[in-house]
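Here the structure comes first, spelled out in structure tokens, and everything after it is commentary.
This one's a predicted model, so the numbers in the text were calculated from it and none came from an experiment.
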Amino acid sequence: MAFVVKSPFCISRTTWRGNNQMLNPSSDSRIGKSVGIIINSRFPAGRDFSVKMSSAQVESLQLVPTVAPPKDLGIPIMVNGCTGKMGRAVLEAAMAAGLNPVPVALGGPDDSGKILDFGGKQIEVHGPSDRESVLSSAFSDYPNLIVVDYTLPAAVNDNAALYCKVGVPFVMGTTGGDRELLYKTVADSNVYAVISPQMGKQVVAFLAAMEIMAKQFPGAFSGYNLQVMESHQASKVDISGTAKAVITCFEDLGASFERDQIQLIRDPRMQIEMVGVPEEHLNGHAFHMYHLTSPDGTVSFEFQHNVCGRSIYAEGTVDAVFFLAKKVKSNSDKRIYDMIDVLREGNMR
């Protein structure tokens, strides 16, 4: 994460990183002749932060029965979207933490019938046609079940409606969808849920700090111009939910910004040459850069948080599962939570 104050400042939209000498987590460096304070946390050189996982294989098309687990196993979880990279990362982290993946999961039509193997556990993926019966049966066999959703933005609202209809607690890690409708659906159902566009605990802490600043110092950046660039793997089709949340904070602080001005970088060549993404992390990264410039161009601020790999989100998701299971067990009055609630609980691993 980087915070920079410098003067004077010159912005060129096409050579943004070059002119501003933006911090790069892999090469990082200098800020030219700028005078300021740099606080930069980055990955240690040579250390690989990608999630190591075995590739899932289709081993059979036979039905894997949902057999009730022995009582000494960990919290049962169903990871929907487990054929995707984020779902796989969550399963790896969950099993390492002692959670108990159930032998069924929900996916899209193309994934229906696949049987995946994760560390010796087989999981059969069911498509849309029988998803309600599969979920209801799993919830009956595993009364303490927690569902984790890493599917697609277009499926967010339908999936949430299903979870609420069945009555199963869930962690919604998928971004996108109609968020207002999502919260209303959960509130009306009284189901327990953790809903967050960002599951990385350290990034959430940064976002919480931004929200506190926006509430305590509204208008502090009045008149400032904001520019935003975010880079993710090409498979991420929607705008980062984290970027949206940070932008809202800057708007509350008085900065001027139009949402259609967000620079979405999805081209691998641009990600390497302009953004500075390590080539080995092109298929799994999240780089966010925010520039604020004073009206006269003499003062600028830069905020940056860059993540390579998916482990930070997977670990945060596992913490959210433990957190939610605790709230369900205690019959907590509050039903809808976010990752800030998880952070405040203070019981993270």
Side-chain angles (χ1 to χ4, degrees), residues 1-6 8-29 31-32 34 38 40-42 86 152-153 174-177 179 197-198 200 203 206-207 210 214 221 223-295 297 299-310 312-313:
M1 199 174 297
F3 305 83
V4 181
V5 183
K6 60 186 180 183
F9 185 67
C10 175
I11 289 182
S12 170
R13 195 165 185 80
T14 58
T15 59
W16 190 13
R17 175 173 288 281
N19 286 350
N20 292 290
Q21 297 179 332
M22 199 167 200
L23 288 179
N24 182 321
S26 358
S27 65
D28 97 291
S29 76
I31 308 295
S34 304
I38 303 174
N40 186 33
S41 67
R42 62 193 185 275
M86 192 63 236
L152 294 172
T174 311
T175 59
R179 305 308 276 192
Q198 171 60 254
V203 179
F206 164 68
L207 179 55
M210 289 296 304
F221 287 93
Y224 274 67
N225 178 61
L226 174 65
Q227 289 184 302
V228 179
M229 177 194 295
E230 63 102 322
S231 173
H232 288 78
Q233 59 277 3
S235 60
K236 182 173 176 57
V237 297
D238 59 328
I239 297 173
S240 164
T242 302
K244 292 178 181 178
V246 173
I247 289 168
T248 296
C249 292
F250 283 128
E251 289 173 334
D252 292 341
L253 285 163
S256 174
F257 189 74
E258 296 293 334
R259 296 299 176 101
D260 60 2
Q261 295 176 349
I262 300 176
Q263 284 189 278
L264 301 180
I265 310 299
R266 297 294 185 268
D267 178 75
R269 182 175 178 179
M270 292 180 65
Q271 290 172 337
I272 293 174
E273 296 178 358
M274 184 174 75
V275 183
V277 178
E279 187 172 357
E280 64 270 25
H281 291 295
L282 287 175
N283 291 327
H285 71 276
F287 280 31
H288 295 73
M289 306 84 169
Y290 312 90
H291 280 265
L292 287 159
T293 312
S294 64
V299 180
S300 70
F301 291 80
E302 295 178 356
F303 296 78
Q304 180 175 339
H305 52 93
N306 299 335
V307 174
C308 292
R310 296 176 174 84
I312 186 175
Y313 312 118

Rounded to the nearest 0.5 Å, what separation is found between the [atom1] atom of [X] and the [atom2] atom of [Y]?
X	Y	atom1	atom2	result
R269	L282	CZ	CG	13.0 Å
L264	S240	CG	OG	9.5 Å
M210	D252	CE	CG	9.5 Å
L292	L253	CG	CG	8.5 Å
E258	L226	CD	CG	11.0 Å
F303	F206	CZ	CZ	6.5 Å

- Task: Tell me, please, which residues at least two apart from K244 pass salt bridge (charged side-chain N to carboxylate O under 4.0 Å, His left out).
- Result: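 Once residues adjacent in sequence are excluded, K244 has no partner under the salt bridge (charged side-chain N to carboxylate O under 4.0 Å, His left out) criterion.
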- Query: Taking only residues two or more places apart in sequence, or in another chain, which ones meet D238 in a side-chain contact (heavy atoms from CB on, under 4.5 Å)?
  - Reply: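 Once residues adjacent in sequence are excluded, the partners of D238 under the side-chain contact (heavy atoms from CB on, under 4.5 Å) criterion are P153, T175, K236.
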- Message: According to salt bridge (Lys or Arg N to Asp or Glu O under 4.0 Å), does anything in residues 224-233 pair up with another residue at least two apart or in another chain? List the pairs.
- Response: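 Residue pairs passing salt bridge (Lys or Arg N to Asp or Glu O under 4.0 Å), neighbours aside: E230-R266.
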Are any of the side-chain heavy atoms of [X] and [Y] separated by less than 4.5 Å?
X	Y	result
I265	V277	no
V246	L207	yes
F287	C308	yes

- Query: When you measure from the side chain of Q233 to the backbone N and O of H285, does any donor-acceptor pair fall under 3.5 Å?
  - Reply: yes
- Query: How about H305 and Y290: are their ring centroids closer than 6.0 Å?
  - Reply: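 Yes; Y290 has its ring centre under 6.0 Å from that of H305.
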Which atom pair, heavy atoms only, marks the closest approach of [X] to [Y]?
X	Y	value
R259	T248	NH2-OG1, 3.0 Å
P197	T242	O-OG1, 4.1 Å
M289	V275	CE-CG1, 3.0 Å

- Taking only residues two or more places apart in sequence, or in another chain, which ones meet Y313 in a ring pair (Phe, Tyr, Trp, His ring centres under 6.0 Å)?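 Not a single residue meets the ring pair (Phe, Tyr, Trp, His ring centres under 6.0 Å) criterion with Y313.
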- Residues at least two apart in sequence or cross-chain that pass ring pair (Phe, Tyr, Trp, His ring centres under 6.0 Å) with Y224, listed by chain then number, are F221
- Sequence neighbours left out, what pairs pass ring pair (Phe, Tyr, Trp, His ring centres under 6.0 Å) with at least one residue falling in residues 226-246?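 For residues 226-246: H232-H288.
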